[in-house]
Amino acid sequence: MKLGLGLNIKTSGGAWTPKNLSGLQAWFKFDTGLEESDTTTPENGENITKWTDQSGNANDLTTPDNYFVYNSTFGAVESEDTQNDKLNLDTQLNFSGQFAMYIRVAVSTLSAGAYDLFFYDKDSASADFIRVQSTTEVRLKISNGTVRKWAQGTQTLDQFYNYGFERDGSNNLTAYRDGSALSATTVVSDTGTFDIDAIGQNFDGMIKEIIICNSGLSASDRTNLQTYLAKLTQGE
């Protein structure tokens, strides 16, 4: 994987972090809460078995099948498997109303079919998901309904991006990449319940942080989150 290096953000003192978000349900932080099988912090290349939620809600991620390893260069959770490599949420999250789901991620390969999933309901295959469909399109489906589609500028593989997906109080869906709304290519509203219990199904790449809220974001919070995520490049 060939990625450019940058500066790491510091979140001490009064710096803004996802903890400031209203409705925060889960926050998986790049430098906190990672464990290998003996509960110690993994070193470079070691398998990850748990990623502890920093929201205070104990919505932890576990990886019992050893598909994910720690990449210390980028402070990221990495998978090079493209079949069954999911991070399992201990408790399924169900969103009947507003939500905001953000992920800082670098994708290494893209495959046709049910691959390259960011957020997924593993208990009901293909019913609820958010994924990269191609380097120029992202998709979302809720309750096995109509697939919602957005066009994106050509995505460079092995490069980190901040992807966000939100539903507001009027059930309108918006997709973001690096803080900018993507152009919808289908009607993007949906009243169904969005269920997720896995991250990264059939995924080849690296994940730095994941933020999940049960409300949409204000414009200021969206800007703050983009600024925060954009600075997370190196792990050190």
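In this text, all values refer to a predicted model and were calculated from it rather than measured experimentally.
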*Hydrophobic cluster identity match, V132 and F165, side-chain contacts under 4.5 Å*: yes

*Determine, step by step, whether T63 and W51 satisfy the side-chain contact (heavy atoms from CB on, under 4.5 Å) criterion, reporting the C-alpha distance in whole Å, the side-chain angles of both residues, the deciding distance to 0.1 Å, and the verdict.*
CA-CA 8 Å; T63 60; W51 198 356; over 6 Å; no

_I'd like to know if the side chain of Q133 reaches the main chain of R131, judged simply by a donor and an acceptor atom lying under 3.5 Å from each other, with no hydrogens or angles considered._
no

*Any idea which heavy atoms bring G205 and S108 closest together, and the distance?*
CA-OG, 3.7 Å

_Value rounded to 0.5 Å, distance of NZ in K149 from CG in L173_ = 14.5 Å

_To the nearest 0.5 Å, what is the distance between CD on E78 and OG1 on T73?_
9.0 Å

*Please step through side-chain contact (heavy atoms from CB on, under 4.5 Å) for the pair W16 and L21, ending with a clear verdict.*
CA-CA 9 Å; W16 191 96; L21 293 171; 3.6 Å; yes

_When you group the ILVMFWY residues by side-chain heavy-atom contacts below 4.5 Å and let the links chain together, are V187 and V147 in the same group?_
no

_Could you check whether any side-chain N or O of R148 sits under 3.5 Å from a backbone N or O of V188, counting only pairs where one atom can act as donor and the other as acceptor?_
no

*Can you find a pair of side-chain heavy atoms, one from I211 and one from L229, that are under 4.5 Å apart?*
yes

*Quick one: CD1 on I199 to CD1 on I210, what's the gap to the nearest 0.5 Å?*
4.5 Å

*Are side-chain heavy atoms of N224 and N20 found at a separation under 4.5 Å?*
no

*Taking S134 for the side chain and T136 for the main chain, is one N or O donor matched with an acceptor at less than 3.5 Å?*
yes

*L89 CG to D197 CG distance, which is reported to the nearest 0.5 Å*: 7.0 Å

*Below 4.5 Å, heavy atoms only, C-beta onward: do Q201 and F129 meet side chain to side chain?*
no

_S215 side-chain N/O to S22 backbone N/O, donor-acceptor pair under 3.5 Å_ = yes

*asked:* For T39 and E35, which I'm curious about, is there any donor-acceptor pair between the side chains at under 3.5 Å?
replied: no

*Determine whether the side chains of Y228 and E209 contain a donor N or O and an acceptor N or O closer than 3.5 Å.*
yes

*Flag the pair T49 / T62 as yes when at least one side-chain heavy-atom distance between them is below 4.5 Å, and no otherwise.*
no

*asked:* Has N172 got a side-chain atom pairing as donor or acceptor with S189's backbone, closer than 3.5 angstrom?
replied: no

_Any side-chain heavy-atom pair of L110 and T135 under 4.5 Å_ = yes

*For the side chain of S143 and the backbone of G145, is there at least one donor-acceptor N/O pair under 3.5 Å apart?*
no

*Parallel, tilted or perpendicular: ring planes of F74 versus F160, cut at 30 and 60 degrees*: tilted

*Could you tell me which non-hydrogen atom of P18 sits nearest to which non-hydrogen atom of L225, and how far apart they are?*
CG-CD1, 4.2 Å

*Quick one: CG on L87 to NZ on K122, what's the gap to the nearest 0.5 Å?*
11.5 Å

*Considering non-hydrogen atoms only, spot the tightest contact between V138 and A175 and give its length.*
CG2-CB, 4.4 Å

*Which heavy atom of R167 sits nearest a heavy atom of I142, and at what distance?*
NH1-CD1, 3.8 Å

*Would you say the side chain of E36 lies within less than 4.5 Å of the side chain of N47, judging by non-hydrogen atoms?*
no

*Is there side-chain contact between T146 and D190, with at least one heavy-atom pair below 4.5 Å?*
no

*asked:* Parallel, tilted or perpendicular: which one describes the rings of F68 and F203, with boundaries at 30° and 60°?
replied: parallel

*Using only heavy-atom distances, determine whether the side chains of Y102 and E166 contain a donor-acceptor pair under 3.5 Å.*
yes

_Are F28 and L34 linked, directly or through intermediate hydrophobic residues, by side-chain heavy-atom contacts shorter than 4.5 Å (ILVMFWY only)?_
yes

_So which atom in L182 and which in A151 form the shortest heavy-atom distance, rounded to 0.1 Å?_
CB-O, 3.4 Å

*Parallel, tilted or perpendicular: which describes the rings of Y163 and Y161, with under 30° parallel and over 60° perpendicular?*
tilted

_Ignoring hydrogens, what is the shortest heavy-atom contact between Q152 and E137? Give both atom names and the distance._
CG-N, 3.6 Å

*What distance separates I196 CD1 from Q92 CD, expressed to the nearest 0.5 Å?*
8.5 Å

_Is any side-chain heavy atom of F119 closer than 4.5 Å to one of I103?_
yes

_Going by side chain to side chain contact (heavy atoms under 4.5 Å, CB included), D128 matches just one of F95, F194, Y120. Which one?_
F194

*Consider only side-chain N and O atoms of N59 and Q25, and report whether a donor and an acceptor are under 3.5 Å apart.*
no

